[in-house]
Protein chains: 2
Amino acid sequence: MSLPHALMVSLIEKSCSGYDLAQRFGKSIGFFWQASHQQIYRELAKMEEKGWVKSEADEESKTKKRIYEVLDAGRIELKRWASESVEPVTQREEFFVRLRAEAALGPLGLVDEMRHRIQIHEQKLALYRAIEQRDFLSKAHKNSMTRELKIQYQILRAGIVYEEGGLKWSKETYEILKQE
Amino acid sequence: MSLPHALMVSLIEKSCSGYDLAQRFGKSIGFFWQASHQQIYRELAKMEEKGWVKSEADEESKTKKRIYEVLDAGRIELKRWASESVEPVTQREEFFVRLRAEAALGPLGLVDEMRHRIQIHEQKLALYRAIEQRDFLSKAHKNSMTRELKIQYQILRAGIVYEEGGLKWSKETYEILKQE
DNA sequence: CCACCCATGTAACTAGTTACATGATTTC
DNA sequence: GAAATCATGTAACTAGTTACATGGGTGG
(Lines give C-alpha, C1' and ligand atoms only; values in the text may rest on other atoms or scores of the structure.)
Protein backbone atom coordinates (compact mmCIF):
# COMPACT_ATOMS: atom_id res chain seq x y z
CA MET A 1 0.00 0.00 0.00
CA SER A 2 1.59 3.19 1.03
CA LEU A 3 2.42 3.65 4.63
CA PRO A 4 4.56 6.79 4.12
CA HIS A 5 1.59 8.63 2.66
CA ALA A 6 -0.69 7.45 5.43
CA LEU A 7 1.87 8.72 7.93
CA MET A 8 2.09 12.10 6.22
CA VAL A 9 -1.69 12.57 6.30
CA SER A 10 -1.59 11.82 9.97
CA LEU A 11 1.32 14.19 10.55
CA ILE A 12 -0.44 16.99 8.65
CA GLU A 13 -3.43 16.57 10.92
CA LYS A 14 -1.03 16.88 13.84
CA SER A 15 2.79 16.78 14.03
CA CYS A 16 4.05 14.20 16.47
CA SER A 17 6.68 11.55 17.20
CA GLY A 18 7.07 8.06 15.79
CA TYR A 19 5.87 6.65 19.04
CA ASP A 20 2.72 8.77 18.92
CA LEU A 21 2.09 7.65 15.36
CA ALA A 22 2.42 4.05 16.47
CA GLN A 23 -0.22 4.71 19.14
CA ARG A 24 -2.52 6.34 16.61
CA PHE A 25 -2.00 3.55 14.10
CA GLY A 26 -2.99 1.04 16.69
CA LYS A 27 -6.15 2.95 17.59
CA SER A 28 -8.25 5.55 15.81
CA ILE A 29 -6.42 5.51 12.49
CA GLY A 30 -6.13 1.78 12.97
CA PHE A 31 -9.83 1.53 12.06
CA PHE A 32 -8.62 1.09 8.54
CA TRP A 33 -4.88 0.86 8.80
CA GLN A 34 -2.56 -0.78 11.26
CA ALA A 35 1.20 -0.49 11.47
CA SER A 36 3.83 -1.60 13.94
CA HIS A 37 6.30 0.79 15.53
CA GLN A 38 9.21 -0.92 13.80
CA GLN A 39 7.72 -0.21 10.43
CA ILE A 40 6.84 3.36 11.34
CA TYR A 41 10.36 4.23 12.52
CA ARG A 42 11.85 2.74 9.41
CA GLU A 43 9.49 4.65 7.13
CA LEU A 44 10.00 7.93 8.99
CA ALA A 45 13.76 7.61 8.51
CA LYS A 46 13.29 7.02 4.77
CA MET A 47 10.88 9.92 4.48
CA GLU A 48 13.27 12.26 6.20
CA GLU A 49 16.02 11.14 3.82
CA LYS A 50 13.76 12.03 0.88
CA GLY A 51 13.03 15.43 2.37
CA TRP A 52 9.31 14.82 2.85
CA VAL A 53 9.46 15.38 6.59
CA LYS A 54 11.87 16.85 9.13
CA SER A 55 12.27 15.99 12.78
CA GLU A 56 13.58 17.75 15.80
CA ALA A 57 14.08 16.80 19.42
CA ASP A 58 11.14 17.67 21.59
CA GLU A 59 12.14 20.58 23.86
CA GLU A 60 9.34 20.08 26.34
CA SER A 61 9.98 16.47 27.17
CA LYS A 62 13.05 15.09 28.87
CA THR A 63 12.98 11.95 26.77
CA LYS A 64 14.63 11.44 23.40
CA LYS A 65 11.35 12.03 21.65
CA ARG A 66 11.59 13.43 18.13
CA ILE A 67 8.71 15.44 16.64
CA TYR A 68 8.11 15.00 12.92
CA GLU A 69 6.65 17.64 10.66
CA VAL A 70 5.63 17.42 7.00
CA LEU A 71 7.60 19.65 4.62
CA ASP A 72 6.39 21.21 1.36
CA ALA A 73 8.01 18.45 -0.66
CA GLY A 74 5.98 15.99 1.38
CA ARG A 75 2.74 17.86 0.73
CA ILE A 76 3.45 17.94 -2.99
CA GLU A 77 4.20 14.23 -3.00
CA LEU A 78 1.05 13.51 -1.03
CA LYS A 79 -1.09 15.49 -3.47
CA ARG A 80 0.49 13.70 -6.40
CA TRP A 81 -0.09 10.31 -4.84
CA ALA A 82 -3.67 10.97 -3.71
CA SER A 83 -4.67 12.14 -7.21
CA GLU A 84 -3.32 8.98 -8.83
CA SER A 85 -6.08 6.69 -9.91
CA VAL A 86 -5.80 3.16 -8.56
CA GLU A 87 -8.10 0.23 -9.20
CA PRO A 88 -9.71 -1.06 -6.01
CA VAL A 89 -8.15 -4.38 -5.10
CA THR A 90 -10.06 -7.36 -3.89
CA GLN A 91 -9.36 -7.82 -0.23
CA ARG A 92 -7.85 -11.07 0.85
CA GLU A 93 -10.15 -12.64 3.34
CA GLU A 94 -8.60 -15.66 4.94
CA PHE A 95 -11.82 -16.51 6.72
CA PHE A 96 -13.54 -17.38 3.46
CA VAL A 97 -10.82 -19.91 2.78
CA ARG A 98 -11.59 -21.47 6.15
CA LEU A 99 -15.27 -21.53 5.30
CA ARG A 100 -14.57 -23.27 2.01
CA ALA A 101 -12.45 -25.76 3.90
CA GLU A 102 -15.38 -26.39 6.24
CA ALA A 103 -17.65 -26.84 3.22
CA ALA A 104 -15.26 -29.32 1.61
CA LEU A 105 -14.05 -31.25 4.66
CA GLY A 106 -16.97 -31.05 7.08
CA PRO A 107 -17.39 -29.18 10.41
CA LEU A 108 -14.11 -27.72 11.71
CA GLY A 109 -15.40 -25.66 14.61
CA LEU A 110 -16.13 -22.49 12.70
CA VAL A 111 -19.47 -22.09 14.53
CA ASP A 112 -17.59 -20.87 17.60
CA GLU A 113 -15.53 -18.62 15.40
CA MET A 114 -18.72 -17.11 13.99
CA ARG A 115 -20.10 -16.47 17.46
CA HIS A 116 -16.87 -14.66 18.29
CA ARG A 117 -17.02 -12.63 15.10
CA ILE A 118 -20.58 -11.52 15.82
CA GLN A 119 -19.35 -10.15 19.14
CA ILE A 120 -16.48 -8.29 17.53
CA HIS A 121 -18.75 -6.70 14.95
CA GLU A 122 -21.13 -5.62 17.70
CA GLN A 123 -18.33 -4.12 19.75
CA LYS A 124 -16.86 -2.20 16.85
CA LEU A 125 -20.25 -0.98 15.78
CA ALA A 126 -20.98 0.28 19.29
CA LEU A 127 -17.63 2.07 19.35
CA TYR A 128 -18.19 3.72 15.97
CA ARG A 129 -21.70 4.76 16.96
CA ALA A 130 -20.30 6.38 20.10
CA ILE A 131 -17.69 8.28 18.10
CA GLU A 132 -20.38 9.30 15.65
CA GLN A 133 -22.44 10.79 18.46
CA ARG A 134 -19.47 12.49 20.04
CA ASP A 135 -17.80 13.96 16.96
CA PHE A 136 -20.42 14.36 14.27
CA LEU A 137 -24.00 14.28 15.46
CA SER A 138 -24.03 16.29 18.67
CA LYS A 139 -21.51 18.95 17.75
CA ALA A 140 -23.33 20.62 14.88
CA HIS A 141 -26.11 20.08 12.39
CA LYS A 142 -25.10 17.96 9.45
CA ASN A 143 -25.92 20.87 7.15
CA SER A 144 -23.55 23.25 8.84
CA MET A 145 -20.56 20.89 8.68
CA THR A 146 -17.49 21.97 6.76
CA ARG A 147 -16.42 19.90 3.77
CA GLU A 148 -13.48 18.62 5.80
CA LEU A 149 -15.68 17.45 8.63
CA LYS A 150 -18.15 15.85 6.24
CA ILE A 151 -15.36 13.84 4.65
CA GLN A 152 -14.06 12.76 8.04
CA TYR A 153 -17.56 11.67 8.91
CA GLN A 154 -17.77 9.63 5.70
CA ILE A 155 -14.67 7.71 6.73
CA LEU A 156 -16.36 6.77 9.97
CA ARG A 157 -19.54 5.98 8.02
CA ALA A 158 -17.53 3.50 5.96
CA GLY A 159 -16.64 1.67 9.14
CA ILE A 160 -20.25 1.68 10.28
CA VAL A 161 -21.58 0.42 6.96
CA TYR A 162 -18.90 -2.26 6.87
CA GLU A 163 -19.59 -3.49 10.39
CA GLU A 164 -23.34 -3.49 9.83
CA GLY A 165 -22.93 -5.61 6.74
CA GLY A 166 -20.46 -7.90 8.47
CA LEU A 167 -22.77 -8.34 11.43
CA LYS A 168 -25.77 -9.16 9.27
CA TRP A 169 -23.75 -11.68 7.27
CA SER A 170 -22.17 -13.24 10.36
CA LYS A 171 -25.57 -13.86 11.91
CA GLU A 172 -26.88 -15.48 8.74
CA THR A 173 -23.78 -17.65 8.52
CA TYR A 174 -23.89 -18.59 12.18
CA GLU A 175 -27.40 -19.98 11.73
CA ILE A 176 -26.22 -22.13 8.85
CA LEU A 177 -23.08 -23.46 10.51
CA LYS A 178 -25.05 -24.29 13.67
CA GLN A 179 -26.89 -27.01 11.77
CA GLU A 180 -24.05 -29.50 11.62
CA MET B 1 -2.17 -14.84 4.93
CA SER B 2 -1.95 -18.35 3.79
CA LEU B 3 -1.85 -18.97 0.11
CA PRO B 4 -0.85 -22.67 0.38
CA HIS B 5 -4.05 -23.41 2.31
CA ALA B 6 -6.15 -21.46 -0.14
CA LEU B 7 -4.56 -23.44 -2.96
CA MET B 8 -5.27 -26.73 -1.20
CA VAL B 9 -8.94 -25.90 -0.74
CA SER B 10 -9.13 -25.13 -4.40
CA LEU B 11 -7.33 -28.34 -5.35
CA ILE B 12 -9.63 -30.41 -3.15
CA GLU B 13 -12.60 -28.96 -4.97
CA LYS B 14 -10.87 -29.99 -8.19
CA SER B 15 -7.33 -31.17 -8.94
CA CYS B 16 -5.62 -29.11 -11.61
CA SER B 17 -2.37 -27.48 -12.74
CA GLY B 18 -0.62 -24.38 -11.46
CA TYR B 19 -1.73 -22.57 -14.57
CA ASP B 20 -5.36 -23.49 -13.94
CA LEU B 21 -5.06 -22.31 -10.36
CA ALA B 22 -3.70 -19.00 -11.58
CA GLN B 23 -6.76 -18.65 -13.82
CA ARG B 24 -9.09 -19.48 -10.96
CA PHE B 25 -7.30 -17.10 -8.62
CA GLY B 26 -7.75 -14.34 -11.11
CA LYS B 27 -11.46 -15.07 -11.48
CA SER B 28 -14.02 -16.87 -9.32
CA ILE B 29 -11.83 -17.50 -6.30
CA GLY B 30 -10.37 -14.08 -6.94
CA PHE B 31 -13.60 -12.64 -5.51
CA PHE B 32 -11.82 -12.72 -2.22
CA TRP B 33 -8.30 -13.75 -3.02
CA GLN B 34 -5.93 -12.93 -5.83
CA ALA B 35 -2.56 -14.45 -6.56
CA SER B 36 -0.08 -14.24 -9.40
CA HIS B 37 1.18 -17.28 -11.28
CA GLN B 38 4.71 -16.72 -10.01
CA GLN B 39 3.57 -16.96 -6.45
CA ILE B 40 1.40 -20.00 -7.15
CA TYR B 41 4.21 -21.98 -8.80
CA ARG B 42 6.55 -21.14 -5.96
CA GLU B 43 4.02 -22.23 -3.33
CA LEU B 44 3.12 -25.45 -5.18
CA ALA B 45 6.79 -26.42 -5.25
CA LYS B 46 7.10 -25.83 -1.49
CA MET B 47 3.90 -27.74 -0.80
CA GLU B 48 5.09 -30.71 -2.80
CA GLU B 49 8.35 -30.66 -0.85
CA LYS B 50 6.36 -30.81 2.38
CA GLY B 51 4.32 -33.72 1.09
CA TRP B 52 1.01 -31.85 1.13
CA VAL B 53 0.40 -32.33 -2.58
CA LYS B 54 1.77 -34.46 -5.40
CA SER B 55 1.92 -33.68 -9.07
CA GLU B 56 2.11 -35.72 -12.22
CA ALA B 57 2.39 -34.89 -15.88
CA ASP B 58 -0.95 -34.65 -17.59
CA GLU B 59 -1.34 -37.66 -19.89
CA GLU B 60 -4.12 -36.19 -21.98
CA SER B 61 -2.41 -32.99 -22.98
CA LYS B 62 0.69 -32.70 -25.14
CA THR B 63 2.01 -29.79 -23.09
CA LYS B 64 4.20 -29.96 -20.01
CA LYS B 65 1.19 -29.41 -17.81
CA ARG B 66 1.41 -30.89 -14.31
CA ILE B 67 -1.73 -31.85 -12.40
CA TYR B 68 -1.61 -31.32 -8.65
CA GLU B 69 -3.55 -33.36 -6.15
CA VAL B 70 -3.90 -32.92 -2.38
CA LEU B 71 -2.49 -35.78 -0.26
CA ASP B 72 -3.68 -36.93 3.16
CA ALA B 73 -0.95 -34.93 4.88
CA GLY B 74 -2.29 -31.87 3.09
CA ARG B 75 -5.84 -32.54 4.25
CA ILE B 76 -4.67 -32.96 7.82
CA GLU B 77 -2.72 -29.74 7.65
CA LEU B 78 -5.69 -27.92 6.15
CA LYS B 79 -7.99 -29.12 8.91
CA ARG B 80 -5.50 -28.05 11.54
CA TRP B 81 -5.10 -24.63 9.98
CA ALA B 82 -8.82 -24.01 9.42
CA SER B 83 -9.64 -24.86 13.04
CA GLU B 84 -7.07 -22.39 14.36
CA SER B 85 -8.71 -19.32 15.77
CA VAL B 86 -7.45 -16.05 14.31
CA GLU B 87 -8.51 -12.54 15.19
CA PRO B 88 -10.05 -10.70 12.25
CA VAL B 89 -7.60 -8.06 11.04
CA THR B 90 -8.56 -4.58 10.04
CA GLN B 91 -8.26 -4.33 6.31
CA ARG B 92 -5.92 -1.73 4.96
CA GLU B 93 -7.90 0.59 2.78
CA GLU B 94 -5.67 2.95 0.92
CA PHE B 95 -8.62 4.87 -0.42
CA PHE B 96 -9.46 6.19 3.03
CA VAL B 97 -5.97 7.65 3.25
CA ARG B 98 -6.66 9.45 -0.01
CA LEU B 99 -9.93 10.74 1.36
CA ARG B 100 -8.21 12.05 4.46
CA ALA B 101 -5.67 13.73 2.23
CA GLU B 102 -8.52 15.37 0.31
CA ALA B 103 -10.03 16.48 3.62
CA ALA B 104 -6.74 17.97 4.79
CA LEU B 105 -5.40 19.45 1.55
CA GLY B 106 -8.55 20.31 -0.43
CA PRO B 107 -10.05 18.76 -3.61
CA LEU B 108 -7.68 16.33 -5.32
CA GLY B 109 -10.00 14.89 -7.95
CA LEU B 110 -11.48 12.11 -5.86
CA VAL B 111 -14.98 12.91 -7.18
CA ASP B 112 -14.10 11.19 -10.47
CA GLU B 113 -12.62 8.34 -8.53
CA MET B 114 -15.88 7.95 -6.64
CA ARG B 115 -17.90 7.89 -9.85
CA HIS B 116 -15.63 5.12 -11.08
CA ARG B 117 -15.99 3.19 -7.86
CA ILE B 118 -19.77 3.36 -8.01
CA GLN B 119 -19.59 1.74 -11.44
CA ILE B 120 -17.30 -1.01 -10.23
CA HIS B 121 -19.57 -1.81 -7.30
CA GLU B 122 -22.56 -1.95 -9.64
CA GLN B 123 -20.76 -4.26 -12.04
CA LYS B 124 -19.61 -6.63 -9.34
CA LEU B 125 -23.02 -6.66 -7.76
CA ALA B 126 -24.65 -7.51 -11.09
CA LEU B 127 -22.14 -10.32 -11.59
CA TYR B 128 -22.70 -11.76 -8.13
CA ARG B 129 -26.46 -11.54 -8.57
CA ALA B 130 -26.18 -13.46 -11.82
CA ILE B 131 -24.10 -16.18 -10.18
CA GLU B 132 -26.59 -16.29 -7.33
CA GLN B 133 -29.43 -16.92 -9.78
CA ARG B 134 -27.47 -19.50 -11.75
CA ASP B 135 -25.97 -21.51 -8.89
CA PHE B 136 -28.14 -21.06 -5.84
CA LEU B 137 -31.63 -19.75 -6.49
CA SER B 138 -32.80 -21.54 -9.62
CA LYS B 139 -31.24 -24.92 -8.97
CA ALA B 140 -33.09 -25.94 -5.85
CA HIS B 141 -35.08 -24.58 -2.98
CA LYS B 142 -32.97 -23.02 -0.28
CA ASN B 143 -34.40 -25.55 2.20
CA SER B 144 -33.26 -28.54 0.24
CA MET B 145 -29.67 -27.33 -0.13
CA THR B 146 -26.89 -29.43 1.35
CA ARG B 147 -24.76 -27.92 4.09
CA GLU B 148 -21.89 -27.63 1.64
CA LEU B 149 -23.97 -25.72 -0.88
CA LYS B 150 -25.36 -23.45 1.80
CA ILE B 151 -21.86 -22.53 2.91
CA GLN B 152 -20.79 -21.87 -0.65
CA TYR B 153 -23.80 -19.64 -1.03
CA GLN B 154 -22.83 -17.74 2.12
CA ILE B 155 -19.45 -16.94 0.61
CA LEU B 156 -21.18 -15.41 -2.37
CA ARG B 157 -23.59 -13.65 0.00
CA ALA B 158 -20.58 -12.05 1.69
CA GLY B 159 -19.59 -10.55 -1.65
CA ILE B 160 -23.13 -9.30 -2.25
CA VAL B 161 -23.45 -7.75 1.21
CA TYR B 162 -20.03 -6.14 0.83
CA GLU B 163 -20.78 -4.65 -2.58
CA GLU B 164 -24.19 -3.41 -1.49
CA GLY B 165 -22.63 -1.63 1.45
CA GLY B 166 -19.82 -0.27 -0.66
CA LEU B 167 -22.27 1.01 -3.28
CA LYS B 168 -24.45 2.73 -0.72
CA TRP B 169 -21.43 4.37 0.90
CA SER B 170 -19.89 5.39 -2.43
CA LYS B 171 -23.07 7.16 -3.49
CA GLU B 172 -23.27 9.04 -0.21
CA THR B 173 -19.62 10.03 -0.49
CA TYR B 174 -19.94 11.05 -4.12
CA GLU B 175 -22.67 13.52 -3.20
CA ILE B 176 -20.43 15.09 -0.58
CA LEU B 177 -17.30 15.31 -2.71
CA LYS B 178 -19.30 16.82 -5.58
CA GLN B 179 -19.81 19.95 -3.51
CA GLU B 180 -16.33 21.37 -3.82
C1' DC C 1 14.19 -0.57 43.85
C1' DC C 2 11.05 -2.89 40.92
C1' DA C 3 7.74 -2.89 37.51
C1' DC C 4 5.79 -0.55 33.93
C1' DC C 5 5.41 2.65 30.26
C1' DC C 6 7.92 5.92 27.09
C1' DA C 7 10.74 6.01 23.09
C1' DT C 8 13.76 4.37 19.70
C1' DG C 9 15.83 1.23 17.09
C1' DT C 10 18.22 -3.50 14.50
C1' DA C 11 18.04 -7.98 12.37
C1' DA C 12 16.06 -11.77 10.34
C1' DC C 13 12.37 -13.57 8.15
C1' DT C 14 7.96 -14.11 5.30
C1' DA C 15 4.79 -12.78 1.85
C1' DG C 16 3.80 -10.53 -2.22
C1' DT C 17 4.92 -7.82 -6.57
C1' DT C 18 7.32 -6.73 -10.87
C1' DA C 19 10.19 -7.74 -14.45
C1' DC C 20 12.25 -11.00 -17.31
C1' DA C 21 12.66 -15.53 -19.77
C1' DT C 22 11.47 -19.64 -22.44
C1' DG C 23 9.41 -22.98 -25.27
C1' DA C 24 5.36 -25.35 -26.98
C1' DT C 25 0.72 -25.32 -29.06
C1' DT C 26 -3.22 -23.44 -31.12
C1' DT C 27 -5.59 -20.04 -34.17
C1' DC C 28 -5.93 -16.92 -37.92
C1' DG D 1 4.21 -18.01 -40.80
C1' DA D 2 2.84 -14.72 -37.21
C1' DA D 3 0.34 -13.80 -33.17
C1' DA D 4 -1.97 -15.29 -29.22
C1' DT D 5 -2.39 -18.32 -25.57
C1' DC D 6 -0.74 -22.29 -22.77
C1' DA D 7 2.45 -23.48 -19.27
C1' DT D 8 6.32 -23.06 -16.45
C1' DG D 9 9.68 -20.87 -14.18
C1' DT D 10 13.89 -17.33 -12.03
C1' DA D 11 15.55 -13.09 -9.97
C1' DA D 12 15.28 -8.92 -7.76
C1' DC D 13 12.74 -6.03 -5.12
C1' DT D 14 9.20 -4.10 -1.70
C1' DA D 15 6.29 -4.38 2.17
C1' DG D 16 5.17 -6.27 6.41
C1' DT D 17 5.90 -9.29 10.63
C1' DT D 18 8.37 -11.20 14.60
C1' DA D 19 11.86 -11.27 17.73
C1' DC D 20 15.31 -8.98 20.13
C1' DA D 21 17.67 -4.91 22.34
C1' DT D 22 18.29 -0.77 25.06
C1' DG D 23 17.93 3.01 28.05
C1' DG D 24 15.33 6.68 30.51
C1' DG D 25 11.30 8.21 33.43
C1' DT D 26 7.43 7.50 36.57
C1' DG D 27 4.58 5.46 40.28
C1' DG D 28 3.98 2.49 44.00
Side-chain angles (χ1 to χ4, degrees), chain A residues 1-8 11 15-27 29-30 32-50 53 55-68 81 84 86-94 97, chain B residues 1-8 11 15-27 29-30 32-50 53 55-68 81 84 86-94 97:
Chain A
M1 310 280 173
S2 189
L3 183 57
H5 298 92
L7 294 175
M8 279 200 282
L11 287 174
S15 290
C16 67
S17 69
Y19 187 85
D20 297 332
L21 282 171
Q23 301 299 103
R24 286 198 214 166
F25 273 73
K27 289 178 198 164
I29 296 169
F32 54 86
W33 199 299
Q34 277 164 317
S36 60
H37 75 272
Q38 294 90 334
Q39 214 188 336
I40 289 171
Y41 287 126
R42 205 203 306 174
E43 288 302 330
L44 283 174
K46 280 190 205 166
M47 288 155 73
E48 189 154 28
E49 219 173 282
K50 283 180 190 160
V53 296
S55 69
E56 49 188 39
D58 187 14
E59 308 283 285
E60 292 163 47
S61 98
K62 294 161 208 161
T63 63
K64 49 180 170 177
K65 193 178 202 172
R66 297 194 68 76
I67 305 295
Y68 283 82
W81 171 84
E84 257 181 5
V86 175
E87 289 306 299
V89 210
T90 308
Q91 301 280 9
R92 258 168 217 155
E93 242 297 16
E94 192 168 283
V97 178
Chain B
M1 310 278 174
S2 190
L3 184 56
H5 298 92
L7 293 175
M8 279 199 282
L11 286 174
S15 290
C16 66
S17 69
Y19 187 85
D20 297 332
L21 282 172
Q23 302 297 103
R24 285 197 215 167
F25 274 72
K27 288 178 200 163
I29 296 170
F32 54 86
W33 200 299
Q34 276 165 316
S36 61
H37 76 271
Q38 293 91 332
Q39 215 189 335
I40 289 171
Y41 287 126
R42 204 203 306 175
E43 288 302 330
L44 283 173
K46 279 190 204 166
M47 287 156 73
E48 190 155 28
E49 219 173 281
K50 284 181 189 159
V53 297
S55 69
E56 49 187 39
D58 187 14
E59 309 282 285
E60 292 163 45
S61 97
K62 293 162 207 160
T63 63
K64 50 179 170 176
K65 193 179 201 171
R66 297 194 69 77
I67 304 295
Y68 283 82
W81 172 83
E84 254 181 9
V86 175
E87 289 307 297
V89 211
T90 309
Q91 301 281 7
R92 256 165 219 159
E93 243 296 15
E94 191 168 283
V97 178

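Chain letters run A, B, ... following the sequence lines, proteins first, then strands; residues in each count from 1.
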J.: For B:A6 and A:V97, work out which heavy atoms get closest and say how close.
T.: CA-CG1, 3.6 Å
J.: State whether the side chain of A:R92 and the backbone N or O of B:Q34 hold a donor-acceptor pair below 3.5 Å, judged by distance alone.
T.: yes
J.: Would you compute the distance between atom CG of B:D58 and atom OH of B:Y19 and round it to the nearest 0.5 angstrom?
T.: 14.5 Å
J.: Taking atom CG of A:L11 and atom CG of A:L21, what is their separation to the nearest 0.5 Å?
T.: 4.5 Å
J.: How many whole angstroms separate atom NZ of A:K50 from atom C1' of D:dT14?
T.: 11 Å
J.: Can you build the contact string for nucleotides 22-28 of chain D? Use B for base contact, S for sugar-phosphate-only contact, and - for no protein heavy atom under 4.0 Å.
T.: ----S--
J.: In whole Å, what is the span from the OH atom of A:Y68 to the C1' atom of C:dA7?
T.: 11 Å
J.: Taking only the side-chain nitrogens and oxygens of B:Y19, find out if one of them lies under 4.0 Å from OP1 or OP2 of D:dT8.
T.: no
J.: Which of residues 37-47 of chain B have a heavy atom under 4.0 Å from DNA chain C?
T.: B:Q38, B:Q39, B:R42
J.: For B:S2 versus A:E94, what's the shortest heavy-atom pair and its separation?
T.: N-OE1, 3.5 Å
J.: Between D:dT14 atom P and B:E94 atom CD, what is the distance in whole Å?
T.: 17 Å
J.: With A:Y68, which of A:S55, A:C16, A:S15 fulfils side-chain contact (heavy atoms from CB on, under 4.5 Å)?
T.: A:S55
J.: Just how far, in rounded Å, is P of D:dT8 from CD of B:E56?
T.: 14 Å
J.: For the atom pair CE (A:M8) and CG (A:L3), what is the distance rounded to the nearest 0.5 Å?
T.: 10.5 Å
J.: B:S17 or B:R92: which one's nearest nucleotide on DNA chain D is closer to the 5' end?
T.: B:S17
J.: Figure out the CG/P separation between B:L21 and D:dA7, and round it to whole Å.
T.: 12 Å
J.: Report the distance from atom CD of B:Q34 to atom P of C:dA15, rounded to the nearest whole Å.
T.: 19 Å
J.: In whole angstrom, what separates A:R66's CZ from C:dA7's P?
T.: 14 Å
J.: Going from CZ on B:R24 to CG on B:D20, what distance comes out if it is rounded to the nearest 0.5 angstrom?
T.: 7.0 Å
J.: If I take atom CG in residue B:L7 and atom P in nucleotide C:dA15, what distance separates them, rounded to the nearest angstrom?
T.: 12 Å
J.: About how many Å separate CD of B:Q39 and CZ of B:R42, when rounded to the nearest 0.5 Å?
T.: 6.5 Å
J.: State which of D:dT18, C:dT8, D:dG16 makes the closest approach to the side chain of A:L3.
T.: D:dG16
J.: Which nucleotide wins on minimum distance to the side chain of B:S36, given the candidates D:dA7, C:dA7, C:dT18?
T.: C:dT18
